[in-house]
Protein chains: 2
Amino acid sequence: MSTIKLDGVDKCIIRSLVEDARTPLLSIAKEVGISGAAIHQRLKKLEQTELIVGSKMVLNPKVLGYTTTAFVGIFLESASMYKSAIKKLQDIPEVVESHYTTGNYGIFIKILCKNNEDLMRLLNESIQSIKGVARTETFISLDQQIDRQIKI
Amino acid sequence: MSTIKLDGVDKCIIRSLVEDARTPLLSIAKEVGISGAAIHQRLKKLEQTELIVGSKMVLNPKVLGYTTTAFVGIFLESASMYKSAIKKLQDIPEVVESHYTTGNYGIFIKILCKNNEDLMRLLNESIQSIKGVARTETFISLDQQIDRQIKI
DNA sequence: GTTGAAACCGCGAAGCC
DNA sequence: GGCTTCGCGGTTTCAAC
């Protein structure tokens, strides 16, 4: 994966679309002072660089009743269980991120669930029943202040 | 924040747009078999429920040279330093998430940086120099297998 | 980089179950 | 309430410069 050079116009396009993926290209064009077609051409090139992965509509999990965010450090009986455990975690929709990290944990995950009861059920029934999982450590997020992408 | 009931069509709209925020409403309309205007009307209602927060273009940080993801548990000298520390963290662009969590840490953050050297600089110069930060514990993510939103 | 034209789409209005 | 059709205005996208 090669890195890339962006000029001011590219950055402006990206910043606009990162904030709102449906920003009309013409309004970006007006802002930076070039034609809409030029924005379109640059965007196509940027898409080819793989810098742009896609665009997602962002949901508010709270409206669906998912009010609890937690991080769970999972201790594995042996590191060799990593792959099979991940496979099982894929099937748990509440698991929204998984990482193989340095440190004590075999797997480190982020989960979203409806409430503490739901969290307990998830930990006891879904996660700790996965073959290879020895024990877990849970950090419940009581407040999230920062949530953003990398600055360009 | 009240929860909400979604029927099959709503779910189809949301699933399409979560995957690609620029999916034309008309193509969703064709897929579910109702008119484009109806999709548009439903989408407006969904936006009013606050389920839909917005839409973001998603970037691949690796293309910008940000190859290292890490989680950092921050110990504070006192819990009262939380607000002021968060304020300082806001100014560090590499910090992409911050949480107030149960457990030992005063603040738990996710950071993106270019390499291990960059990570060290960030920890030593930026984070540990924040007033109130006693010490930190770092987990470097060597592999991320899951990254998604909540399932609808 | 530009313009211009064509095709496509979003979006509101009005009316129909 | 939720759907339809209709049509205008704006947007994307292309070719040619």
Side-chain angles (χ1 to χ4, degrees), chain A residues 1-66 148-152, chain B residues 1-61 63-65 148-152:
Chain A
M1 186 98 37
S2 62
T3 59
I4 195 180
K5 262 290 170 200
L6 302 173
D7 70 7
V9 176
D10 290 327
K11 288 182 184 173
C12 211
I13 296 171
I14 292 169
R15 271 196 281 261
S16 299
L17 293 173
V18 164
E19 190 174 329
D20 178 2
R22 288 190 173 252
T23 311
L25 302 190
L26 289 177
S27 83
I28 302 173
K30 232 180 268 176
E31 195 180 324
V32 302
I34 62 178
S35 72
I39 303 288
H40 179 242
Q41 288 158 16
R42 278 167 175 266
L43 194 54
K44 286 201 93 169
K45 276 189 194 160
L46 288 171
E47 276 163 3
Q48 281 164 11
T49 64
E50 293 180 310
L51 168 59
I52 297 174
V53 175
S55 67
K56 302 204 180 312
M57 198 174 70
V58 184
L59 304 181
N60 180 354
K62 291 199 175 84
V63 176
L64 293 170
Y66 290 85
R148 59 190 176 196
Q149 289 194 62
I150 199 64
K151 196 183 169 194
I152 46 97
Chain B
M1 186 101 33
S2 63
T3 60
I4 195 180
K5 262 288 171 200
L6 303 173
D7 70 7
V9 176
D10 290 327
K11 287 181 184 173
C12 211
I13 295 171
I14 292 170
R15 271 197 281 262
S16 299
L17 293 173
V18 164
E19 191 174 329
D20 179 2
R22 288 192 174 248
T23 310
L25 302 190
L26 289 176
S27 83
I28 301 173
K30 233 180 268 177
E31 195 183 326
V32 302
I34 60 177
S35 73
I39 302 287
H40 178 242
Q41 288 160 17
R42 278 167 175 267
L43 196 52
K44 283 200 88 172
K45 279 195 187 156
L46 289 171
E47 277 163 2
Q48 281 165 11
T49 64
E50 293 180 310
L51 168 59
I52 297 173
V53 175
S55 67
K56 301 201 181 311
M57 198 173 70
V58 184
L59 303 181
N60 180 354
V63 176
L64 293 170
R148 60 190 175 195
Q149 289 194 62
I150 199 65
K151 196 183 169 195
I152 46 97

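Note on naming: letters A, B, ... go to the chains in the order of the sequence lines (proteins, then strands), and numbering restarts at 1 for each one.
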Integer-rounded Å distance: [N] [atom2] and [X] [atom1]:
X       : N      : atom1 : atom2 : value
B/Arg42 : C/dG12 : CZ    : P     : 18 Å
B/Asp20 : C/dC9  : CG    : C1'   : 15 Å
A/Ile39 : C/dT2  : CD1   : P     : 9 Å
B/Leu43 : C/dC11 : CG    : P     : 8 Å

(request) Ignoring the backbone of B/Lys45, work out which of C/dG1, D/dT4, D/dG2 is nearest its side chain. (result) D/dG2
(message) As an exercise, state the distance from NZ of A/Lys45 to CG of A/Leu51, rounded to the nearest 0.5 Å.
(response)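 Output value for this atom pair is 15.0 Å.
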(request) Measure the spacing between CG of A/Leu46 and CD of A/Gln48 and express it to the nearest 0.5 Å. (result)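 If we round to the nearest 0.5 Å, A/Leu46:CG and A/Gln48:CD are 9.5 Å apart.
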(request) Starting from the C-alpha separation in whole Å, work towards a yes-or-no answer on side chain to side chain contact (heavy atoms under 4.5 Å, CB included) for A/Leu6 and B/Leu64. (result) CA-CA 9 Å; A/Leu6 302 173; B/Leu64 293 170; 4.1 Å; yes
(request) Would you sort out whether B/Arg42 and B/Asp7 count as a salt bridge (Lys or Arg N to Asp or Glu O under 4.0 Å), showing the intermediate values? (result) CA-CA 11 Å; B/Arg42 278 167 175 267; B/Asp7 70 7; 3.0 Å; yes
(message) Does any part of the side chain of B/Asp20, heavy atoms only, come nearer than 4.5 Å to the side chain of A/Met57, both counted from C-beta?
(response)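 No, every pair of side-chain atoms sits at 4.5 Å or beyond.
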(request) Please indicate whether B/Glu47 has more than 12 foreign heavy atoms, meaning atoms of other residues, nucleotides or ligands, lying under 6.0 Å from its CD. (result) yes
(message) Does C/dT2 have its OP1 or OP2 closer than 4.0 Å to a side-chain nitrogen or oxygen of A/Ser35?
(response) yes
(request) State, to the nearest 10°, the angle formed by the axis through the first five base pairs of the helix from C/dG1-D/dC17 to C/dC17-D/dG1 and the axis through its last five. (result)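 Here the helix ends are tilted 30° relative to one another.
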(message) Keeping A/Arg22 on the side-chain end and B/Arg22 on the backbone end, is there a donor-acceptor pair under 3.5 Å?
(response)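 It does not hold such a pair.
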(message) For nucleotides 10-17 of chain D, give me one character per nucleotide, 5' to 3': B if any protein heavy atom sits under 4.0 Å from the base, S if the only such contacts are to the sugar-phosphate, - if neither.
(response) -SBSB---
(request) Using the side-chain contact (heavy atoms from CB on, under 4.5 Å) rule, pick out the option among B/Ile28, B/Ile14, B/Ile52 that qualifies with B/Leu43. (result) B/Ile52
